[in-house]
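Encoded as structure tokens, the structure appears first; notes follow it.
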Amino acid sequence: NEIDEILDQLKIKNYFLEVFGSPVEKVEAVYNAMQKFKIKQDNAIMIGDSLIDFKAAAENNIFFALRQTKHNFFLQNNLDCFRFRDFNDE
């Protein structure tokens with residue numbers, strides 16, 4: 001699966017218990033994961049790089065962190081959220 005390949009390339013796959021992708025809507029996937037793993041809203045964080053990711057976090061009332069890429073300058077300039085460039089940033 002494409003998501004697993006990306007996580008492997010980034011060397012972060014071992015940080016995830018489960019990964020959700022299409023056709024499940026992100027809002028629903030986040031909600032389902034929080035229910036399945038009994039995660040409270042104040043203990044959750046959504047890491048993403050798109051407006052859809054941001055909206056999924058907002059609709060589930062959880063913290064959002066934007067991974068900055070060359071493809072999301074608009075979000076970088078318009079979202080009020082935590083931002084980082086790489087998973088190795090300090």
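Remark: side-chain polar atoms of Asn32 are paired, donor with acceptor, to backbone N or O of Glu28 under 3.5 angstrom. Under a 3.5 Å cut-off, the side chain of Asn60 and the backbone N or O of Ala29 do not form any donor-acceptor pair.
The two atoms that bring Ala44 and Ile39 nearest to each other are CB-CG2, 3.9 Å, heavy atoms only. When all heavy atoms of Gln68 and Arg85 are compared, the pair lying nearest together is OE1-CG, 3.3 Å. Contact record, Leu66 with Cys81: CB-SG, 3.8 Å, taken as the closest heavy-atom pair. Of all the heavy atoms in Phe37 and Glu18, the pair that sits closest is CZ-OE1, 3.6 Å. Shortest non-hydrogen contact noted between Asp53 and Gly48 is OD2-CA, 3.2 Å.
For the atom pair Glu25 CD and Ile52 CD1, the distance stands at 8.0 Å (nearest 0.5 Å). Between the CZ atom of Phe64 and the CZ atom of Arg83 there is a distance of 10.0 Å, given to the nearest 0.5 Å. Here OG of Ser50 is found 7.5 Å from CG of Leu75. Values are rounded to the nearest 0.5 Å. Atom CZ of Phe63 is separated from atom CD of Gln41 by 14.5 Å, given to the nearest 0.5 angstrom. The CD atom of Gln76 sits 6.5 Å away from atom OG1 of Thr69, with the distance rounded to the nearest 0.5 Å. In this structure, CG on Leu7 lies 12.0 Å from OH on Tyr15, to the nearest 0.5 angstrom.
Note on Ile12 and Ile3: same hydrophobic cluster, where clusters join Ile, Leu, Val, Met, Phe, Trp and Tyr whose side-chain heavy atoms are under 4.5 Å apart, directly or indirectly. Hydrophobic clustering (ILVMFWY, side-chain heavy atoms < 4.5 Å, transitive): Ile45 and Phe82 are in one cluster. In the hydrophobic clustering of this structure, Leu79 groups with Met46; members are Ile, Leu, Val, Met, Phe, Trp, Tyr whose side-chain heavy atoms approach within less than 4.5 Å, directly or through other members. Put simply, Phe20 and Val27 are part of two different groups of oily side chains (I, L, V, M, F, W, Y) that touch within less than 4.5 Å, one to the next.
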side-chain contact (heavy atoms from CB on, under 4.5 Å) assessment of Ile62 paired with Met34 = CA-CA 10 Å; Ile62 62 173; Met34 291 173 61; 3.7 Å; yes

request  = Please test Phe74 against Leu51 for side-chain contact (heavy atoms from CB on, under 4.5 Å), starting from the C-alpha separation and ending with a verdict.
outcome  = CA-CA 10 Å; Phe74 177 81; Leu51 185 58; 5.9 Å; no

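Within 6.0 Å of CD in Glu2 there are 12 or fewer heavy atoms belonging to other residues, nucleotides or ligands.
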